[in-house]
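Encoded as C-alpha cells, the structure appears first; notes follow it.
These numbers come from the heavy atoms of this one structure, side chains and all, not from hydrogens, waters or symmetry mates.
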Amino acid sequence: VRPQGMGFNTGRRNMVINGAMQVAQRGTSATGKTASGYYAIDRMENLFSGLGTWTIEQSTDAPDGFSNSFKMTATVADASPAAGDYAQMRTSLEGNSLQHLKYGTSGALATTVSFWVKATKTGSFTFVARNFDGNTRMFSKNVSISAADTWEYKTVTIPGDTGDTIDNDNGTGLELAFWVNAGSTFSGGSEMSTWAAQVNANKYLGTIDIGASVNDAIQFTGFQFEVGENASDFEHRSYGEELGLCQRYFYRWISESNYGNLSMGVSINTTKARGLHTLPVEMRSQPTFSSNGTFRIAEFGGHSANTTDESITRNHKRTPFMNFTVASGLTNGKPAELGANNDDDAFCDFDAEL
C-alpha cells in the first residue's frame, strides 16, 4: 500500500513525460515486436535484443488514481537468453531540462524515482539511470516484487552525480530504465549505489526474468522523477498538457475523415505539389517523416490524383514543407489541397525522439 502524506503538489516536479501512461499516439497495442522501438505509449521505449517476441500495450489495468499503465507481455518465450540479450523499458530526458540538477558540481542534487509496478510473478528487476554526457556513467538499484499480479508502489533515491555534467542541449541527458531480463553480458554484477563509469554486468541484477515463459508480463504507471530524497504524491497533469509535451518528440497527424486536409499548397510542376504544414508544437529537432494510407493532390478546379510519394522538404521543427508527388497531370502554379484520399485512417508521423 502506498504510504500517505508523502508530499504536496508544489508546481511542476515530475521530469518524466507521460508518467501516467495516458498518451498513446501510435495506438494502444503493438504485437509481434522483436526489435527496439517506441510502441504504443508515448515517451516509453522498449529495448530488445533477442529474448523472444512481445506485445506492448496501453493497458486499462491500473492502481487507484490512474487510468492506464504500460504493459509488456512475452508471446514467444526465451528461457535461455544469449549473453548479449536484454529486455527493458526506458524513457530518455533532454539535457536542457535537467540543468537544475547541478550535475558535475559539488552541489549536485539527489533525486527520487517512484512508480507502481505489477508482474505476473515475483522476483526482482533492476532500475538503471545513465548519464550520457561526458563519460557515460550509471547508477543501478535492484527492486523486488513480493506478490504476483498485485500493484506495488516503489521508490528509488539517486544521489547527485558530482563527477560529470549534463550538457545543456536537446540531446539525451539522462536515461531512466527498467531492466527486466538480460543475458550474462549484462548480469552477474552488483548494485552501483554511487555514480561511476557504467559496468554492463551491473545493469540486470534481477531474478524475475520476464520473457522466460510465455505470457510473462510486467506493467508500470505513476512513473515520477523529482528532486529530493523522498517521493511526493504523483503529479497528475491534464491530458492536453501531457499530449503537448509528448508532441515535442512525436506527432501523428490522422486524417479522421475521408478527405482530411494535411496542407494547402500549390503545384510546382506537372508531378509535384508543395504545402506548409504547421505542427502543434515546436519539435525537439527537425523531424523524420513517414506516412501510411492513401493520399492525393487535388488542384482547385483542376487535376486530382493519388500520390506516389509523400515527403518533407525544407524541414523545420515547427513548419516543415510537404512534398506530394503524382504520376502526371498537374499545372504549375495552381493551388492544391494535399491530404487523404477516401481514407479516414491515413496518417503521417513526424518523429524527433531522443
*Please round to the nearest 0.5 Å and tell me the distance separating atom OH of Y39 and atom CE of M89.*
14.5 Å
*Do we see a donor-acceptor contact under 3.5 Å between the side chains of S257 and D344?*
no
_For the OH atom of Y38 and the CD atom of Q25, what is their distance to the nearest 0.5 Å?_
13.0 Å
*When the aromatic ring centroids of F234 and W116 are compared, is their separation below 6.0 Å?*
no
*Measure the CG-CG distance between L51 and D78 for me, rounded to the nearest 0.5 Å.*
5.0 Å
*How about F250 and F350: are their ring centres within less than 6.0 Å of each other?*
no
_Remaining members of hydrophobic cluster (4.5 Å side-chain criterion), V76_ = none
*Should the pair F186 and Y86 be assigned to parallel (<30°), tilted (30 to 60°) or perpendicular (>60°) ring geometry?*
perpendicular
*Less than 4.0 Å between a side-chain N and a carboxylate O, is that true for D61 and K71?*
no
*Would you kindly say whether E94 and Y249 are connected by a side-chain donor-acceptor distance under 3.5 Å?*
yes
_Just by distance, no angles: are the side chains of E152 and S146 close enough, under 3.5 Å, to form a donor-acceptor pair?_
yes
*Measuring from I254:CD1 to D345:CG, what's the distance to the nearest 0.5 Å?*
8.0 Å
*E282/R318 salt bridge by N-O under 4.0 Å criterion*: no
*Do side-chain atoms of N170 reach the backbone of R284 as a donor and acceptor pair under 3.5 angstrom?*
yes
*Under 4.5 Å between side-chain heavy atoms, hopping through other hydrophobics if needed: is there a path connecting I17 to L101?*
no
*asked:* Within this structure, what is the OG1-OH distance for the pair T165 and Y103, rounded to the nearest 0.5 Å?
replied: 12.0 Å
*Over 60° means perpendicular and under 30° means parallel, so classify the ring planes of F178 and F125, tilted if in between.*
perpendicular
*Are K203 and E175 close enough for a salt bridge, meaning some N to O gap below 4.0 Å?*
no
*Take N202 and S140 through the test side chain to side chain donor-acceptor pair (under 3.5 Å) and record every step on the way to the result.*
CA-CA 7 Å; N202 297 341; S140 64; 5.5 Å; no
*Determine, step by step, whether F223 and M44 satisfy the side chain to side chain contact (heavy atoms under 4.5 Å, CB included) criterion, reporting the C-alpha distance in whole Å, the side-chain angles of both residues, the deciding distance to 0.1 Å, and the verdict.*
CA-CA 11 Å; F223 188 7; M44 304 299 154; 4.1 Å; yes
